[in-house]
Each structure stands twice: as structure tokens, then as C-alpha cells.
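So that the names make sense, note that chain A is the first sequence line, chain B the second, and so on, each numbered from 1.
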Amino acid sequence: SAVISQKPSRDICQRGTSLTIQCQVDSQVTMMFWYRQQPGQSLTLIATANQGSEATYESGFVIDKFPISRPNLTFSTLTVSNMSPEDSSIYLCSVSPGWAMNTEAFFGQGTRLTVV
Amino acid sequence: GQNIDQPTEMTATEGAIVQINCTYQTSGFNGLFWYQQHAGEAPTFLSYNVLDGLEEKGRFSSFLSRSKGYSYLLLKELQMKDSASYLCAVSNQGGKLIFGQGTELSVKP
């Protein structure tokens with residue numbers, strides 16, 4: 001299994017500012033994903049972080065709002081830009097082993113973001 | 001479109017058996033996952049089905065019927081610590097997961 005370190009674990013931010021969330025994996029993985037979980041809701045995929053190229057965003061999410069970096073096979077960042085209270089959510093990094101896309105996805109412990 | 005349905009909440013008694021159903025309609029299918037999520041924590045993997053049939057893992061079993069777009073998670077010998085949200089998720093392409101809304105299970109003494 002993969003061990004994922006995500007930080008910060010939580011933060012309280014002022015509206016209009018930006019927060020960068022880091023995701024570090026203890027082994028090289030092909031696929032890294034970023035999810036959002038709004039209060040009382042299930043998980044929604046924001047984007048796939050592609051190594052060496054731009055992230056692939058899901059409908060409703062754009063690069064200007066959620067820029068993503070993936071400089072290598074073990075690390076990715078998600079930035080939540082120009083935050084508003086509606087961005088208050090848990091943000092989760094997820095990885096799948098590179099050798100088989102259809103096995104379990106592992107999740108980081110999440111970043112609980114509150115925007116005031 | 002993509003649609004995954006599961007009951008919003010269920011209640012069961014300690015020691016009993018509970019079955020949580022999940023139906024799905026997705027543009028592709030590369031497997032179905034069940035996750036457990038306790039409040040304030042990240043989801044943890046429970047099971048994965050890609051072929052029809054039953055997968056058993058201790059007190060937890062998961063069933064899949066691809067032709068019916070249907071799965072269930074079976075929890076036996078319920079314990080109080082099993083009170084959590086149970087998430088059904090389908091992998092459709094490229095390792096991405098589409099999640100259902102989750103079923104909040106309350107286990108009563």
C-alpha cells in the first residue's frame with residue numbers, strides 16, 4: 001500500500017487569499033487525484049494531476065481557481081485560489097498504483113479548510 | 001450521465017447483519033469500490049469488485065452484478081465502531097472514482 005502525507009491537515013483562511021495543499025507519496029505512482037468533500041457531502045473529483053503536463057480538470061473546476069502541480073511521480077500540490085466561504089471543504093489527495101489502474105485508491109488524511 | 005445511488009442513512013442493531021445497496025449508471029466501468037469514512041477522517045478502503053459475484057473479507061462482503069448495475073456491501077456481526085459513512089464508488093476510466101452520496105450507518109446497542 002502507499003503512504004500519503006498531506007499537509008496542512010487543517011487551516012482557517014481569509015477570503016480572497018490562496019492556500020496551497022501538498023501531497024507526498026512514499027513511492028512512485030502514475031495516477032494522482034484531487035477530491036473535494038463539502039460539508040455533509042460525498043467526494044467530488046476536482047482533477048487528475050498528470051506528471052510533466054497540465055492537470056485534467058472535471059466539469060465545474062478550472063485551472064485558474066485550482067491550479068495543480070505535479071513535478072514528479074511522488075509529489076503534487078493543489079492551490080485553492082481567491083478563496084470564498086463556499087470553498088470551505090475537505091480536500092483529499094488520492095493515488096492509484098502505477099502498475100494497475102483498477103486497484104484500490106489510497107487517500108491522504110485530508111486538509112480541512114475553513115474560509116472566513 | 002453518471003449516477004450512483006445509495007440510501008442516505010440506515011440504522012441497525014449491534015450484532016446484527018446489514019446490507020447497504022448501491023446502483024450505478026456510468027459511461028464506463030473498471031470496478032466498484034466500497035470505502036468506510038468516520039467523521040472527520042479520510043475514507044479507508046474496504047473492498048473492490050470488478051467481476052460478478054461475492055468477495056468476502058472477514059466481517060465485510062461485497063457483491064457485484066455488472067448486468068444489473070448493482071452492488072451491495074454486507075456487514076456481519078455489527079459493532080458500535082461500524083457506525084460510519086459507507087461510500088460506493090465506481091472507477092470508470094483512468095483510475096478516476098465517481099462516488100455516491102454515501103450511506104450513514106448508525107449501529108445501536
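Looking at B/Q37, only its side chain comes within 4.5 Å of chain A, counting heavy atoms on both sides. Heavy atoms of A/L92 lying under 4.5 Å from chain B belong exclusively to its side chain. For B/L87, the part sitting under 4.5 Å from any heavy atom of chain A is the side chain, from C-beta outward, and nothing else. For a residue to count as touching a neighbouring chain, one of its non-hydrogen atoms must lie under 4.5 Å from one of that chain's; by this rule A/E58 touches chain B with the side chain only.
Counting heavy atoms from C-beta outward, B/E41 and A/Q109 have side chains that stay 4.5 Å or more apart. Considering only heavy atoms from C-beta on, B/L97 comes within 4.5 Å of A/Y35 through its side chain.
Residues A/F61 and A/L78 are members of one and the same hydrophobic cluster, defined by side-chain heavy-atom contacts under 4.5 angstrom among Ile, Leu, Val, Met, Phe, Trp and Tyr. B/Y35 is connected to A/I90 through a chain of hydrophobic side-chain contacts under 4.5 Å among Ile, Leu, Val, Met, Phe, Trp and Tyr, so both are in one cluster. Linking Ile, Leu, Val, Met, Phe, Trp and Tyr residues whenever their side-chain heavy atoms come within less than 4.5 Å places B/M80 and B/Y86 in a single cluster.
Shortest non-hydrogen contact noted between B/A42 and A/G108 is CB-O, 3.0 Å.
Of the inter-residue distances, the one linking B/I98 atom CD1 with A/S42 atom OG reads 11.5 Å to the nearest 0.5 angstrom. Atom-to-atom distance recorded for B/S85:OG and A/Q41:CD is 11.0 Å, nearest 0.5 angstrom.
Within a 6.0 Å radius of CG in B/L54, other residues, nucleotides and ligands contribute more than 12 heavy atoms. With a 6.0 Å radius and a threshold of 12 heavy atoms from other residues, nucleotides or ligands, B/E14 has its CD atom above the threshold. Within 6.0 Å of CZ in A/R15 there are 12 or fewer heavy atoms belonging to other residues, nucleotides or ligands. The 12-atom threshold is not exceeded at CZ of A/R10, counting heavy atoms of other residues, nucleotides or ligands nearer than 6.0 Å.
The distance between the ring centers of B/F45 and A/F107 does not fall below 6.0 angstrom.
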